[in-house]
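The shown structure was predicted, so the numbers you read here are calculated from the model rather than taken from an experiment. Order of appearance sets the numbers: ligands from 1, and atoms from 1 within every ligand.
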Amino acid sequence: MTLKALIFDVDGTLAETEEAHREAFNRVFVEWGLDWHWSQPLYRDLLQTTGGKERIRAWQDRLPNDAPRLSDADIARIHLEKTAIYTGILATGELELRTGVAELIEAARAEGLRLAVATTTNMPNVAALTRCCWNAAPFEVFDVIAAGDEVDAKKPAPDVFELALERLGLPPGACIAFEDSLNGLISARGAGLRVVVTPSIYTDDQDFSQAQLVTGNLAQLGLGDLAALLADEVAQ
Ligand SMILES: [Mg+2]
């Protein structure tokens with residue numbers, strides 16, 4: 001089947017955003033007077049839970065029984081404030097795309113391929129990233145965006161990739177997915193996609209044996225290489 005579209009995860013795949021997310025969580029915890037601080041090793045562990053609100057809930061589940069807990073309404077509120085802090089951090093323009101991402105997207109665009117996002121994060125975060133890294137609105141860069149809040153089940157469930165495929169109007173066999181995490185890989189494979197994994201600073205210890213290709217970055221990857229991955233009929 002001919003390669004028609006590329007579908008990208010956002011956090012960790014387009015850019016190493018997780019440090020900005022961690023910083024935003026820690027700042028909002030201080031603002032709320034919470035005695036919580038997520039260190040890098042702890043955050044690596046917490047990232048096994050996808051979605052910010054879900055991650056806060058997973059963190060609370062680890063606290064001692066007598067520790068104060070946030071209600072679901074407060075979790076929604078704190079997460080909204082965290083998103084504002086995160087977009088503020090990105091507005092400083094300090095975040096860069098990972099190596100090879102800009103070039104691959106430009107090449108795909110020039111060849112008439114369609115570009116999509118399938119992410120667990122929400123639309124304001126996607127917009128903050130495209131504004132920061134492309135100086136453009138999300139739909140100036142991507143034809144289709146499927147975001148976490150639009151589906152019932154987040155990654156590793158296949159829903160968000162299935163939604164991206166539905167909006168592209170393409171079968172999985174005409175697309176390649178790009179991921180940086182095991183949860184994302186499982187999600188994309190569940191939707192029937194072939195997957196290229198570029199492990200990020202928080203995921204480089206994970207098992208990516210289900211991927212068609214694992215590579216440090218996208219710099220050496222051309223559209224011909226991706227078409228070859230689709231042509232390989234032996235799905236791994
Ligand atoms: Mg990711």
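Ionic pairing of D61 and R69 is not present here: no N-O contact between side-chain nitrogen and carboxylate oxygen is shorter than 4.0 angstrom. Ion pair K155/D9 flagged as a salt bridge, since at least one NZ, NE, NH1 or NH2 atom sits closer than 4.0 Å to an Asp/Glu carboxylate oxygen. For R22 and E18, the salt-bridge test fails: no basic side-chain N is under 4.0 Å from an acidic carboxylate O.
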Atom pairs and distances, donor-acceptor, side-chain atoms in residues 114-121, under 3.5 Å, two or more places apart:
from: R114; atom 1: NH1; to: L168; atom 2: O; distance (Å): 2.8
from: T119; atom 1: OG1; to: T121; atom 2: N; distance (Å): 2.9
from: T121; atom 1: OG1; to: N125; atom 2: ND2; distance (Å): 2.7

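A 4.5 Å side-chain heavy-atom check between T203 and L182 finds every atom pair outside the cut-off.
Although no hydrogens or angles enter the test, the distance criterion places a donor-acceptor pair under 3.5 Å between the side chain of R44 and the main chain of I201.
Neighbouring protein atoms of the Mg ion (ligand 1) (N, O or S, distance under 2.8 Å, waters ignored): D9 OD2, D11 O, D180 OD1.
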